[in-house]
Amino acid sequence: MTIFNVISLAGGLALFLYGMSIMGTGLEKYAGGRMESILQKLTSSTWRAVALGAVITALIQSSSGTVMCVGFVNAGIMKLNQTVGIIMGANIGTTVTGQIIRLSDISGGGTLMEFLKPATFAPILAFVGAVLFVFIKSPRKRDIGQIFMGFGLLFIGMGMMTDSVSTLRESELFVRLFTTLQNPILGVLAGTLVTVAVQSSSASVGILQALSSTGLVTWGSAIPIILGQNIGTTSTSLIASIGTSKAAKRSAMVHVYFNIIGTVIFMAAIYGVKAAVGFSWWNDTMNMGDIANFHTLFNVVVTLLFLPFTKLLAKLAEMTIPDKPGEKQD
């Protein structure tokens, strides 16, 4: 891998992250104030709250759902128990980005298939979006333009990253690195640190999907990384809770406990079964679709597992950040 590949990788990552950012911002602006009112009204049922969190997070393509929960609790608009379901659903919503990115794996011939490939439609979307954003005065159409630009830039950046890492398949160091990451502790740590660095589990999953193009990402090395990414994403909520009320800090801790406990349980189950009967596919390579599907599966399974224990999650958060003796609860 040459210095030019590194420069291309850095540029691709920058476009990818910027595309995700402006797409999410455009979607939030297009939704206007409706998102906040919906979040407040539809949280009486845990199932509805989970579905709401998943839909909102999928639409805005970011972890803003959990951040908004912290903000609403801090403002006294929502109670802690109302946010638990939304936070759980938001984890499912973040997996949509990976499912979109897997479109890069589309293969086949013909004019139609060529247009369905991100390498073709991404520049078109970015161009159309730029025209709407720069030359149209209507705020709504400018928001749509921003969404299109972000979506296009996301895929252009993804393509640059994929191309820049293509030579890594010939690197012995890179091969050894991914062999090392089959150690579950190191893999989880790597996934956590990368996600904390980029402040987005969707972005870190996208980076892993780009690396999968080398053919060196196996199930054994990718699974702990993906699990670690779900721990790393809780840093966004923790940062958002700095300087907020005690109740808002508890809301952030619900996110932390949900992801950490879910990861530990999932790891114990996977590695327990692997030790007992083994997995014939453990050393097989993963493609973009495999990574997206596992990320979605993990979050759906953990959410279903925790649905009966939403009050317990809230209680754990309250125990972690207790009220002082004689202090009135938030």
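Quick caveat, the model's predicted, so the values are computed rather than measured.
Expressed to the nearest 0.5 Å, how far CD1 of Ile144 lies from CG of Leu132 amounts to 7.5 Å. Rounding to the nearest 0.5 Å places CD1 of Ile226 at 11.5 Å from OG1 of Thr95. Interatomic distance, Thr234 OG1 to Ile87 CD1, rounded to the nearest 0.5 Å: 11.0 Å. Put simply, CD1 on Ile291 and CG on Leu208 are 4.0 Å apart, with the number rounded to the nearest 0.5 Å. Atoms NZ and OG1, from Lys249 and Thr320 in turn, are 13.5 Å apart once rounded to the nearest 0.5 Å. Taking CD1 of Ile147 as the reference point, atom CG of Leu125 lies at 11.0 Å (rounded to 0.5 Å).
Hydrophobic cluster of Phe309: the remaining members, joined at side-chain heavy-atom separations below 4.5 Å, are Leu312, listed by chain and number. Other members of the hydrophobic cluster containing Leu193, listed by chain and number, are Leu189; membership follows side-chain contacts under 4.5 Å among ILVMFWY residues, whether direct or relayed.
The side-chain contact (heavy atoms from CB on, under 4.5 Å) search around Leu80 returns Thr83, Arg250, Ser251, Val254, Ala314, Glu318, not counting sequence neighbours. The ring-ring contact (aromatic ring centres under 6.0 Å, His included) test applied to Phe294 returns Phe266, not counting sequence neighbours. A search for side chain to side chain donor-acceptor pair (under 3.5 Å) contacts involving Ser241 returns nothing, not counting sequence neighbours.
Under the 4.5 Å side-chain criterion, counting only non-hydrogen atoms from C-beta, Val302 is not in contact with Asn91. Side-chain contact check for Leu316 versus Ile261: some heavy-atom pair is nearer than 4.5 Å. Val84 places none of its side-chain heavy atoms less than 4.5 Å from the side chain of Phe306. In this structure, the side chains of Val134 and Arg142 stay at 4.5 Å or more apart for every pair of heavy atoms.
With hydrophobic clusters built from ILVMFWY side chains whose heavy atoms lie under 4.5 angstrom apart, Val256 does not share a cluster with Met319. Criterion: ILVMFWY side-chain heavy atoms under 4.5 Å apart, direct or through other members. Under it, Ile242 and Ile321 are not part of a common hydrophobic cluster.
With 3.5 Å as the limit, one finds a donor-acceptor pair spanning the side chains of Asn293 and Gln99.
Smallest separation of non-hydrogen atoms from His255 and Ser237: ND1-OG, 2.8 Å. Here the shortest heavy-atom pairing between Gln209 and Ala292 reads NE2-CB, 3.8 Å. For the residue pair Ile185 and Asn183, the shortest heavy atom distance occurs at N-OD1, 2.9 Å. Across all their heavy atoms, Gly220 and Pro224 have their closest contact at O-CD, 3.3 Å. Contact detail for Val196 and Gly232: the closest heavy-atom pair is CG2-O, 3.7 Å.
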Decide yes or no on side-chain contact (heavy atoms from CB on, under 4.5 Å) for Val50 and Leu307, but give the supporting numbers first. CA-CA 9 Å; Val50 168; Leu307 270 175; 3.7 Å; yes
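Between the side chain of Thr303 and the backbone N or O of Asn299 there is at least one donor-acceptor pair closer than 3.5 Å. Distance alone, capped at 3.5 Å, places no donor-acceptor pair between the Gln229 side chain and the Gly191 backbone. Formation of a donor-acceptor pair under 3.5 Å by the Asn230 side chain with backbone atoms of Asn259 is not found in this model.
Taking a 6.0 Å sphere around CZ of Phe258, one finds it holds more than 12 heavy atoms contributed by other residues, nucleotides or ligands.
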Let me have the donor-acceptor pairs involving side chains of residues 267-286, under 3.5 Å, with sequence neighbours excluded, atom names and distances please.
| residue | atom | partner | partner atom | Å |
| --- | --- | --- | --- | --- |
| Asn283 | OD1 | Gln182 | NE2 | 3.4 |

